[in-house]
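We name chains A, B, ... by the order of the sequence lines, and we start the count at 1 in each one.
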Amino acid sequence: MGPGGIAGDGSMIQPLRRAHFRIWLVLAVALYAVFIASLLVRRTSTPPNGKLHWEQYR
Amino acid sequence: MSAGYKAVGWSRTKKIYDAVLAAGLALYLGLFAGVGSMVNPNATAETLLIRALGTAALLLLHVILSIGPLCRLDRRFLPLLYNRRHLGVTMFLLALAHGAFSIVQFHAWGNVNPLVSLFVSNTRYDSVAGFPFQSLGFFALLILFLMAATSHDFWLHNLTAPVWKKLHMLVYLAYGLLIGHVALGALQSETSPLLAGVLGVGLTTVVVLHLWAAAVERRADHPRSPEAGGYVAVCDLDSIPEKCAAVFACGGERIAVFKYDGRISAVSNVCQHQNGPLGEGKIVDGCITCPWHGYQYLPDTGASPPPFTEKVSTFRTLVAGNRVFVHPSPLPPGTRVEPTLIEHA
């Protein structure tokens, strides 16, 4: 049966749904890990100087 | 439906959709620039523009990624799906402008090719705080370009639906790269909790919606066992609203059983255009009409009315008393099956 048939549908839709579910499980873990890690490592690398704005010295 | 190539099949709905999108974007960019210049008067116009374009693209991507699962969970969101590809192309253009301005601002004034500079100016791949986040944005932009370039139905038909679908699932990888791009980039220098809060809420919304919708889909795929003659009992007649369908899973796939004008017909639930759920559509002008983009099929043959050529599989049906039965073996797409008459209709 060609790609327009239910055999084509059957071989396409359910694996796509499964892949979709698995992708979002992986993304949920990975993206929260990146997001939380990025918040934890946030720090000011230079002493704050409220009067200094780099854009003034371009 | 596709009878030939047409750049955009404009309709009144599409024009309204795009007008609302353009007005919303103009308002957002204007507000961002206005408020941004007041909050940070030292910011240059280029900086404001880069931030406005980047945040607009990211917000739009969250909206785009939320539309699919929202439509699975509640049919009232279906109108948003109708022209989602225009949202996608618009988001790519915003991201492209953000990337182009950023490369000019941060990499174009040295003696190294700006694209080379993008990858060699920071090679701290072993650092979280100092990670070269711009490369993540670059690769996400490449994926978004690929998707925008192949978004037209011309490519859907030429690449075939399975290849096109797989290609467009790369948007999830692009989303992951962009979350990394923002979390390891702007979030490291932006001390205000606003960006972190918005990013966290956006990420949670998209992840929860996708997993929730996927869980609902998995429950709907629970298979039914065949009874006498290989037919499967689907539902009661009364439970199918007139000119609508009941959808059930068989052999891992879904079949839509329509009730109309005192008859019952069953077809594959999968629209040949973009795999839309035909069973969530209605019979309009005698044709099953896909709720996603309006592709139509005759309920007894599963074929689109001429001059269109799309076809879906059909299934044999029975009605015994108030029960509806369907034979789960699909017939070749476009095969006519005499609709089952409802005796008391």
Side-chain angles (χ1 to χ4, degrees), chain A, chain B residues 40-44 47 127-131 160-162 165-166 169 172-173 175-176 179-180 182-185 187-191 196 199-200 203-204 206-208 210-211 213-215 217-218 221 249 251-255 268-270 272 275 310-313 315 329-334:
Chain A
M1 199 176 286
I6 193 78
D9 302 341
S11 62
M12 186 170 70
I13 303 303
Q14 198 178 38
L16 272 179
R17 277 202 291 266
R18 265 202 306 270
H20 177 268
F21 183 61
R22 287 171 186 165
I23 285 169
W24 278 102
L25 279 180
V26 171
L27 279 179
V29 175
L31 295 186
Y32 275 113
V34 169
F35 180 60
I36 292 166
S38 74
L39 289 179
L40 292 177
V41 299
R42 250 187 344 166
R43 62 191 166 81
T44 306
S45 55
T46 49
N49 183 347
K51 294 178 182 172
L52 180 66
H53 295 286
W54 67 270
E55 283 140 331
Q56 293 174 325
Y57 300 94
R58 293 184 69 203
Chain B
N40 185 4
N42 295 300
T44 63
T47 302
S127 161
V128 178
F131 194 87
T160 71
K165 274 277 168 189
K166 281 174 188 160
M169 280 175 81
Y172 303 141
L173 176 61
Y175 179 67
I179 291 293
V182 177
L184 303 174
L187 211 54
Q188 298 305 307
S189 55
E190 177 61 56
T191 50
L199 192 65
L203 176 60
T204 303
V206 169
V207 165
V208 167
H210 275 270
L211 291 178
E217 297 279 312
R218 281 163 77 91
D221 279 340
E253 285 309 321
R254 294 179 186 169
I255 300 171
S268 163
N269 189 48
V270 181
Q272 287 301 290
N275 301 342
E310 287 79 10
K311 292 173 185 170
V312 293
S313 298
F315 295 82
S329 300
L331 298 168

Can you list, pair by pair, the side-chain donor-acceptor contacts under 3.5 Å of residues 19-37 of chain A, counting residues two or more places apart and other chains?
unit_1	atom_1	unit_2	atom_2	d
His20(A)	NE2	Tyr172(B)	OH	3.2
His20(A)	NE2	His210(B)	ND1	3.0
Trp24(A)	NE1	His210(B)	ND1	3.1
Tyr32(A)	OH	Thr204(B)	N	3.4
Tyr32(A)	OH	Thr204(B)	OG1	2.6

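Taking every heavy atom of both residues into account, Glu190(B) and Arg42(A) meet most closely at O-NH1, 2.6 Å. When every heavy atom of Val41(A) is checked against every heavy atom of Gln188(B), the shortest pair comes out as CG2-OE1, 3.6 Å. Closest heavy-atom contact between Ser38(A) and Ala183(B): CB-O, 3.2 Å.
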